[in-house]
Amino acid sequence: MRRIAIVGLSWISADLPGPASDPTLGTATPYSHASAIAALPDLDLVAGCDISEPARTTFRDRWSGRFPGLAVYEDYREMLHAVKPELVAVVTPDHLHRGVVEVAI
């Protein structure tokens, strides 16, 4: 199982999948990073990071049932150092990607 963390917890990274167009189909295609990760059995979402406290709280509330031990952080450097994920999803505004990727590497 590969450990993954998410930097940036807006709707595009943290929303739950919606209902399918027909009940026999189950849930809709996952359109957020966390819901896509949840659909892949060999990934374990271990942490998320955002500067917004409400975003961190919402993320933890939505996903800690699926990923026990899910941690949230305000600072991505602290998160990467603490949890040492194998994979990192960078879901920040485009102009902020480089700094996160450099620290993750």
Side-chain angles (χ1 to χ4, degrees):
M1 177 138 333
R2 293 187 165 251
R3 297 164 41 85
I4 186 168
I6 299 176
V7 179
L9 302 176
S10 67
W11 67 271
I12 193 65
S13 61
D15 277 0
L16 295 166
S21 56
D22 185 283
T24 60
L25 299 175
T27 58
T29 302
Y31 289 108
S32 76
H33 292 73
S35 61
I37 291 165
L40 298 170
D42 58 340
L43 291 181
D44 183 23
L45 183 54
V46 295
C49 173
D50 200 285
I51 59 173
S52 165
E53 172 61 33
R56 292 191 305 269
T57 299
T58 298
F59 177 72
R60 183 178 29 231
D61 290 348
R62 285 182 180 165
W63 293 105
S64 62
R66 169 66 174 83
F67 298 102
L70 180 65
V72 293
Y73 294 84
E74 182 177 1
D75 184 285
Y76 69 88
R77 291 172 192 86
E78 179 186 349
M79 178 188 74
L80 295 171
H81 178 75
V83 302
K84 298 181 179 23
E86 296 171 88
L87 304 167
V88 178
V90 181
V91 194
T92 61
D94 294 344
H95 70 283
L96 299 175
H97 287 188
R98 180 179 178 170
V100 176
V101 170
E102 287 176 346
V103 171
I105 292 170

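Only this structure's heavy atoms are used, side chains among them; waters, hydrogens and symmetry mates stay out. Note that the structure is a prediction, hence the values are computed from the model and not measured.
- Contacts of Arg60 classified as salt bridge (Lys or Arg N to Asp or Glu O under 4.0 Å), with partners at least two apart in sequence or in another chain: none.
- Residue Leu96 is found outside any hydrophobic cluster, as its side-chain heavy atoms come under 4.5 Å of no other Ile, Leu, Val, Met, Phe, Trp or Tyr.
- Pro30 approaches Ala36 most closely through the heavy-atom pair CB-N, 3.5 Å.
- Smallest separation of non-hydrogen atoms from His33 and Ala89: CD2-CB, 4.3 Å.
- Using modelled atom types, one side-chain atom of Ser13 and one backbone atom of Ser10 make a donor-acceptor pair closer than 3.5 Å.
- Nearest approach of Ala5 to Met79, heavy atoms of both residues: CB-CE, 3.7 Å.
- Residues Arg56 and Asp50 approach most closely at NH1-O, 2.7 Å, considering heavy atoms.
- Residues satisfying the salt bridge (Lys or Arg N to Asp or Glu O under 4.0 Å) test with Asp44, not counting sequence neighbours, are none.
- Inter-residue side-chain proximity for His81 and Val103 is flagged as unmet; no heavy-atom pair is nearer than 4.5 Å.
- Hydrophobic cluster membership for Leu16: Ile4, Ile6, Leu9, Trp11, Ile12, Ile37, Leu40, Leu43, Leu45, Phe59, Trp63, Phe67, Leu70, Val72, Leu87, Val91 (Ile, Leu, Val, Met, Phe, Trp, Tyr linked by side-chain heavy atoms under 4.5 Å, directly or transitively).
- For the salt bridge (Lys or Arg N to Asp or Glu O under 4.0 Å) condition, the pairs that include at least one residue of residues 66-79, sequence neighbours left out, are Asp75-Arg77.
- With sequence neighbours left out, the side-chain contact (heavy atoms from CB on, under 4.5 Å) criterion links Val88 to Val7, Leu80, Pro85, Val90, Ala104.
- Counting all heavy atoms, side chain and backbone alike, Arg2 lies closest to Glu86 at CA-OE2, 3.1 Å.
- Residue pairs meeting the salt bridge (Lys or Arg N to Asp or Glu O under 4.0 Å) criterion with at least one partner in residues 96-105, sequence neighbours excluded, are Arg98-Glu102.
- The side chain to side chain donor-acceptor pair (under 3.5 Å) test applied to Ser32 returns Ser35, not counting sequence neighbours.
- Scanning for side chain to side chain donor-acceptor pair (under 3.5 Å) contacts around Thr57 gives Glu53, with sequence neighbours left out.
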